[in-house]
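Report on one structure; see the data block that follows.
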Amino acid sequence: KCGQINISAPVVRLGDPVTASCTISQNCSHLDPEPQILWRLGKEQEQPGQRQQRLPDGTWKSTITLPYLNHTHTFLSCCVQWGNHPQILDQAELQAGYPPAVPSNLSCFMNLTTNSLTCQWEPGPNTYLPTTFILKSFKSRGNCQTQEDSVFDCVPEKRHSYCSIPRKQLLLYQNMVIWVRAENALGVRESPQLCLDPVDVVKLEPPTLWALEPSPQAAPPQPHCLCFGWEPWKPSIYMDQECELRHRPQQEGASWAQVAPLPSSIHQYELCGLLPATVYALQMRCIRSPLPGYWSSWSPSLELRTTE
Amino acid sequence: PLSPASALPIPRSFLLKSLEQVRKIQAEGTELLEALVSECTTYKLCHPEELALLGHSLGIPHAPLSSCTSQGLQPEGCLSQLHSGLVLYQSLLQALAGISAEVSPALDMLQLDVTNFAITIWQQMEDLGVAPEVKPIQGTMPAFTSAFQRRAGGVLVISNLQNFLELAYRVLRYLTK
């Protein structure tokens with residue numbers, strides 16, 4: 001091999017210096033007795049190194065220091081002048097960027113449909129380097145001071161800042177420790193750890209509302225009242241929940257009026273005190289209660305009309 | 001009515017979580033049982049009562065809850081029996097693996113939830129300082145050696161589990177009051 005490059009580090013911080021040396025072996029035939037070694041960075045013009053010396057064993061060595069590397073990805077070539085054209089004898093790949101930032105805003109929610117725990121985070125500014133993020137977790141208990149099981153690595157898809165831990169890796173109704181690890185060639189950063197029970201971060205879907213058909217047995221609807229049926233989101237039926245109802249007339253500028261709480265065990269409701277002969281939009285949402293959880297979003301509107 | 005509980009300071013949050021876990025497992029058990037029994041027309045496995053003899057011959061054990069009954073509630077003993085029972089059903093459900101492609105996912109989920117519930121109970125026993133030094137060792141499990149035995153065993157095991165959970169629910173509700 002005629003030429004051999006050695007560089008201080010293939011990956012440096014953006015703006016940091018890079019030092020490289022190129023050694024030309026003496027048995028590199030066809031060369032001048034005193035070859036002039038040149039360096040080419042990317043597509044820039046060739047330049048000589050700061051120092052070129054002949055070593056005792058007859059090889060020639062050139063050393064160059066680039067004061068600051070401001071290319072995130074480039075190539076450094078070692079060349080010699082030969083005839084009319086510089087000849088490339090070796091090439092080194094250089095990358096520059098930043099170490100990862102500490103991943104932030106880690107949050108999780110439990111999906112009862114897929115039975116997985118999805119966590120998302122802020123990856124931080126662009127590092128210009130290949131950076132991997134891994135969502136790490138282990139089963140714990142109490143205030144998360146003990147590790148009850150091995151660490152599970154959830155590797156997100158490329159460029160995704162979220163990952164879903166499958167049911168098999170979850171311990172429901174006990175606390176788990178969850179955090180994010182970011183790593184690239186310039187360093188490793190880990191997010192603060194979360195200590196949570198997956199079931200306490202269940203994301204409920206809204207309940208379902210429907211109009212109740214008037215039946216001969218039931219009393220005729222009151223002029224100022226509306227009756228409707230509803231039921232919590234089916235996958236969460238085993239959870240005690242608290243639900244809220246809001247309603248507003250279909251009139252310009254009308255605002256929502258809220259009715260709470262509706263216990264999740266009674267699935268029919270009569271709403272009174274309304275304007276007669278008016279169309280109302282009704283919406284409901286629920287939250288796991290008294291145990292912790294997140295509010296569902298409001299349900300789609302059920303539109304009902306009060307009688308004359 | 002159940003006799004008054006002794007002075008074991010069982011946290012309310014533990015009881016609420018346990019009640020929720022029981023309801024979750026019961027719901028899954030009901031769905032799985034319906035799936036197994038819905039194969040009735042094909043396999044004539046409609047009534048668990050018709051499988052009692054098979055259950056004995058297969059050696060499907062029952063989980064005692066004598067410390068949880070109304071005659072003499074002993075919360076400490078009851079928690080221990082709940083845990084042992086859940087560990088038993090965890091193993092029985094594991095022995096049913098391969099029961100059928102359609103119900104395997106539901107069976108896996110049920111087993112995971114039973115396992116997690118057993119951990120909830122065990123860790124609470126540890127926190128209360130009433131957990132035995134050594135976890136109960138599981139006895140030999142029945143060997144379901146044919147597709148029929150796995151299907152029939154599935155109906156029996158899950159029916160027994162539902163009965164077990166019913167009793168567990170009653171005592172947990174009582175302890176919540």
Side-chain angles (χ1 to χ4, degrees), chain A residues 110-117 137-150 152 164-177 195-202 204 231-242 263-265 286-294, chain B residues 10-32 34 79 82-83 86 90 93-94 97 104-129 131 135 161-162 165-166 168-169 172-173 176-177:
Chain A
M110 180 75 181
N111 182 320
L112 288 188
T113 311
T114 59
N115 277 298
S116 61
L117 182 70
S137 63
F138 60 77
K139 297 165 186 172
S140 183
R141 56 186 291 179
N143 51 14
C144 287
Q145 295 310 304
T146 58
Q147 181 171 336
E148 306 274 328
D149 210 339
S150 56
F152 173 72
S164 293
I165 304 172
R167 171 68 183 88
K168 274 192 161 46
Q169 300 299 334
L170 297 174
L171 175 54
L172 304 188
Y173 298 94
Q174 292 299 324
N175 278 340
M176 293 182 67
V177 176
C195 171
L196 56 82
D197 171 355
V199 188
D200 288 348
V201 291
V202 158
L204 293 183
E231 74 170 357
W233 179 47
K234 202 163 177 48
S236 67
I237 212 90
Y238 63 89
M239 288 182 164
D240 282 343
Q241 300 173 40
E242 190 181 288
S264 62
S265 49
C286 294
I287 189 172
R288 180 184 185 222
S289 174
L291 292 170
Y294 292 137
Chain B
I10 301 177
R12 181 174 172 76
S13 61
F14 160 76
L15 292 170
L16 291 175
K17 281 187 177 183
S18 297
L19 285 166
E20 187 174 281
Q21 285 185 270
V22 170
R23 289 194 298 267
K24 181 173 179 11
I25 295 169
Q26 279 182 314
E28 288 163 359
T30 302
E31 262 183 47
L32 189 48
E34 282 166 9
L79 285 179
L82 278 177
H83 175 261
L86 290 167
Q90 178 189 331
L93 292 170
Q94 195 155 13
S104 279
L107 183 65
D108 291 346
M109 189 61 67
L110 181 63
Q111 192 196 337
L112 270 172
D113 284 336
V114 167
T115 304
N116 281 189
F117 189 22
I119 291 172
T120 297
I121 301 239
W122 180 261
Q123 288 192 358
Q124 187 58 59
M125 288 164 70
E126 283 185 337
D127 293 347
L128 291 168
K135 279 191 178 175
L161 172 60
Q162 296 289 70
L165 291 171
E166 199 47 47
Y169 196 78
L172 289 166
R173 276 211 69 93
T176 308
K177 292 195 167 63

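Lettering follows sequence order; numbering is per chain, from 1.
Residues A:D200 and B:K17 meet the side-chain proximity criterion, which asks for heavy atoms closer than 4.5 Å. Residues B:D127 and A:R141 are in side-chain contact: their nearest non-hydrogen atoms beyond the backbone lie under 4.5 Å apart. Looking at heavy atoms from C-beta onward, B:Q21 lies out of side-chain contact with A:V199 at the 4.5 angstrom threshold.
Scanning all heavy atoms of the two residues, the minimum distance from A:L172 to B:K24 falls at CD1-CE, 3.8 Å. The nearest pair of heavy atoms linking B:E20 to A:L291 is OE1-CD1, 3.9 Å.
In this structure, CG in A:D240 is found 8.0 Å from CG in B:L19, a value given to the nearest 0.5 Å. The distance from the OH atom of A:Y173 to the CD1 atom of B:I121 is 12.5 Å, given to the nearest 0.5 Å. In this structure, the separation between CG on B:N116 and CD on A:Q174 is 8.5 Å, given to the nearest 0.5 Å.
Of the two parts of A:I237, neither the backbone nor the side chain holds a non-hydrogen atom closer than 4.5 Å to a non-hydrogen atom of chain B. A:K139 does not touch chain B: none of its heavy atoms, backbone or side chain, sits under 4.5 Å away.
Among B:T115, B:D113, B:V22, the residue making the largest number of heavy-atom pairs under 4.5 Å with chain A is B:D113.
Using a 4.0 Å cut-off between a side-chain N of Lys or Arg and a carboxylate O of Asp or Glu, B:D108 and A:R167 do not qualify as a salt bridge.
Atom CD of B:E31 is surrounded by 12 or fewer heavy atoms from other residues, nucleotides or ligands within 6.0 Å.
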